[in-house]
Student: 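Quick one: this structure, given as structure tokens, is what I'll be asking you about.
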Amino acid sequence: MSIQSRLATTATILLSVVTQVDALNNGVAQLPVMGYNTWNAYHCDINQNLVVTSTNLMKSLGLLDAGYNYINIDDCYALKNRSAAGLIVADPVKFPMGMANLTSYIHSLGFKAGIYSDSGWQTCAGFPGSYSNELVDAQTFHSSWGFDLLKYDNCAVPYDSITHEGTLGRFKRMSDAIASVAATTKTAPMVFSLCEWGWKQPWLWAKELGQSWRTTGDIGQSWDSITSIINFNSFIAPSTDFYGRNDLDILEVGNSGLTYDEARSHWTAWALLKSPLLIGTNLSAITKENLDILTNREIIAINQDPVVGTSITPFRWGINPDWTSNSSFPAQYWSGQTQNGTVIMLLNTLNQEASMSFNFTESPWLRWGRQYSVRDLWTHTDNGTAVRSFTAQVPAHGVAALLLKDAGDEPAGLSPPCAVYYKCTDQNGTLVTAN
Ligand SMILES: *[C@@H]1O[C@H](CO)[C@@H](O)[C@H](O)[C@H]1NC(C)=O
Ligand SMILES: *[C@@H]1O[C@H](CO)[C@@H](O)[C@H](O)[C@H]1NC(C)=O
Ligand SMILES: *[C@@H]1O[C@H](CO)[C@@H](O)[C@H](O)[C@H]1NC(C)=O
Ligand SMILES: *[C@@H]1O[C@H](CO)[C@@H](O)[C@H](O)[C@H]1NC(C)=O
Ligand SMILES: *[C@@H]1O[C@H](CO)[C@@H](O)[C@H](O)[C@H]1NC(C)=O
Ligand SMILES: *[C@@H]1O[C@H](CO)[C@@H](O)[C@H](O)[C@H]1NC(C)=O
Ligand SMILES: *[C@@H]1O[C@H](CO)[C@@H](O)[C@H](O)[C@H]1NC(C)=O
Ligand SMILES: *[C@@H]1O[C@H](CO)[C@@H](O)[C@H](O)[C@H]1NC(C)=O
């Protein structure tokens with residue numbers, strides 16, 4: 001079955017079981033978006049050649065094959081002023097073939113195309129925003145230009161005396177416009193990617209409006225930025241599912257400022273937290289090492305899991321007490337369900353190599369009294385069968401990603417009879433204690 005048809009099957013099952021939740025969301029089951037975004041590498045310095053070149057490279061480097069199928073144009077593609085008719089105009093110097101021709105080129109290579117606007121008067125770089133022009137802009141983006149996704153920012157917010165509503169209301173205006181254009185044209189609605197930076201807790205309400213919401217301010221090219229985003233998202237990871245995703249922001253893999261191990265940890269965390277995966281580097285300069293990170297198919301399969309939509313969550317923090325918010329030293333021990341077993345992420349936030357060990361009783365997804373086969377998702381090796389615990393050597397700022405599959409009952413006669421001693425009791429009432 002294709003991903004799409006498996007997802008459709010899954011969606012049918014979920015919709016029939018979880019009708020309560022269905023009533024609260026826009027009903028569009030969605031895997032995390034994967035693709036390219038122009039912002040991190042180029043900011044406002046974008047044009048048609050760059051988009052065409054990046055699209056060609058996404059294909060020739062094998063990234064489309066690996067699942068990265070969106071080409072998203074970020075801010076700075078437009079003229080500063082709308083046309084006399086009130087339409088956003090693509091800058092004809094930067095984009096001489098026009099947006100409709102550009103998206104048809106992007107589509108002809110097998111990609112979908114994304115565009116950008118803002119829920120205020122202007123975009124963050126000062127180009128026209130869509131406030132009070134939502135419907136006409138949704139028509140321009142989708143019907144006139146052929147885009148399949150809209151990233152929607154949060155700059156230049158109108159005065160309260162004009163909006164009389166909160167952030168939710170401003171973003172809902174565009175969500176409604178997207179739905180309306182789709183209904184009128186009988187086409188699939190644009191994917192709506194909210195970029196509200198986590199100010200008003202979008203993970204509580206944005207599921208009704210779109211497929212993903214940014215949870216923090218912009219990512220930076222540093223390990224500090226990566227750990228701070230992971231720390232923040234460790235507390236809201238359970239709000240991600242098929243109907244909406246915490247968006248941890250564009251990837252910095254391939255950009256300077258991160259070591260190889262840091263880039264690998266960054267990408268692994270984004271993928272296993274089920275964030276959209278948007279490449280943000282200069283593809284003309286990408287290294288084989290970074291390409292290998294971006295195309296780890298065993299981990300991409302989990303990001304795109306057609307059966308389980310939820311994120312990994314922490315089961316233990318590490319050097320700091322559990323539930324501590326610490327933007328430099330976030331949670332280190334994570335687990336989650338997948339189609340094929342339990343995935344474990346061990347994130348070494350320390351500045352030196354560490355031996356990282358966990359007991360199977362610590363993860364809610366592992367059964368007591370069972371043993372597990374361990375698959376290393378970075379070395380792509382089967383690492384034997386583990387009983388009760390597993391230990392990995394993890395480099396400084398590095399990561400281990402493991403897939404644990406149930407391998408039957410643990411061997412008979414293990415001592416002590418319970419992995420957790422607390423009130424471990426025989427049927428005649430005898431307590432077993434450690435030592
Ligand atoms: C854009 O609009 C502003 C305000 O209406 C006007 O002052 C300005 O001259 C216009 N700029 C161009 C390039 O048309
Ligand atoms: C844009 O597309 C139209 C219709 O397919 C075509 O006639 C035209 O030559 C294209 N323009 C450019 C600049 O590619
Ligand atoms: C992208 O990389 C190519 C190849 O190294 C280089 O020529 C180009 O200047 C880079 N672009 C930017 C904006 O850094
Ligand atoms: C589960 O395993 C199958 C068979 O190897 C594979 O095709 C699929 O992608 C895996 N799913 C996940 C979520 O890893
Ligand atoms: C974060 O954790 C480190 C290591 O335990 C500690 O030194 C630091 O004070 C903590 N920072 C905050 C803000 O709690
Ligand atoms: C793991 O289990 C061992 C006993 O086998 C125990 O000593 C240790 O405290 C446990 N560690 C955690 C973090 O639960
Ligand atoms: C799994 O085995 C491979 C091959 O022996 C080894 O390189 C890797 O470090 C092991 N993984 C873990 C997490 O121990
Ligand atoms: C309870 O059961 C255990 C294990 O079968 C046995 O070793 C122990 O003697 C029993 N204790 C009593 C009080 O019967």
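Each ligand, and each atom within it, is numbered from 1 in the order the structure gives.
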Student: Have a look at ligand 6 and work out which part of Arg388, if any, has a heavy atom under 4.0 Å from it: side chain, backbone, both or neither.
Tutor: neither
Student: Does Trp270 use its side chain to pair, donor to acceptor, with the backbone of Leu278 at less than 3.5 Å?
Tutor: no
Student: Do you see a donor-acceptor pair shorter than 3.5 Å between the side chains of Tyr70 and Asp148?
Tutor: no
Student: Which atoms from ligand 6 have a heavy atom of Asn359 less than 4.0 Å away?
Tutor: 1 (C), 2 (O), 3 (C), 8 (C), 10 (C), 11 (N), 12 (C), 14 (O)
Student: Is the Trp121 ring parallel, tilted or perpendicular to the Tyr131 ring (thresholds 30°, 60°)?
Tutor: perpendicular
Student: Starting from atom 5 (O) of ligand 6, find the nearest protein heavy-atom neighbour and note its residue, name and distance.
Tutor: Tyr421 OH, 4.5 Å
Student: Output the list of atoms in ligand 3 that are nearer than 4.0 Å to some heavy atom of Ala285, sorted by atom number.
Tutor: 2 (O), 5 (O)
Student: Is it true that atom CG of Asp45 has more than 12 heavy atoms of other residues, nucleotides or ligands lying nearer than 6.0 Å?
Tutor: no
Student: For atom 3 (C) of ligand 3, find the nearest protein heavy atom and state the residue, atom name and distance (0.1 Å precision).
Tutor: Asn282 ND2, 3.6 Å
Student: Any protein heavy atom sitting closer than 4.0 Å to atom 14 (O) of ligand 6?
Tutor: yes
Student: What residue and heavy atom of the protein are closest to atom 4 (C) of ligand 7, and at what distance?
Tutor: Thr381 OG1, 4.0 Å
Student: Mark yes or no: Lys80 above the aromatic ring of Phe127, with NZ or CZ under 6.0 Å from the six-membered ring centre and no more than 45 degrees from the axis.
Tutor: yes
Student: With heavy-atom distances below 4.0 Å as the criterion, list the atoms of ligand 7 near Ala392.
Tutor: 13 (C)
Student: Supply the atom-to-atom distance Tyr152 OH to Asp137 CG, rounded to the nearest 0.5 angstrom.
Tutor: 7.0 Å
Student: Of the protein's non-hydrogen atoms, which lies at the shortest distance from atom 11 (N) of ligand 7, and what is that distance?
Tutor: Asp376 OD2, 2.7 Å
Student: For atom 2 (O) of ligand 7, what's the nearest protein heavy atom and its distance?
Tutor: Asn383 ND2, 2.4 Å
Student: What protein heavy atom sits nearest atom 7 (O) of ligand 7, and how far away is it?
Tutor: Thr379 CG2, 3.8 Å
Student: Using a 4.0 Å cutoff against the non-hydrogen atoms of Tyr42, which atoms of ligand 3 qualify?
Tutor: 13 (C)
Student: Hey, which atoms in ligand 6 end up nearer than 4.0 Å to a heavy atom of Arg316?
Tutor: 13 (C)
Student: Report yes if the distance between the aromatic ring centroids of Phe171 and Trp199 is under 6.0 Å, otherwise no.
Tutor: no
Student: Classify the ring geometry of Trp317 against Trp323: parallel below 30°, tilted from 30° to 60°, perpendicular beyond 60°.
Tutor: tilted
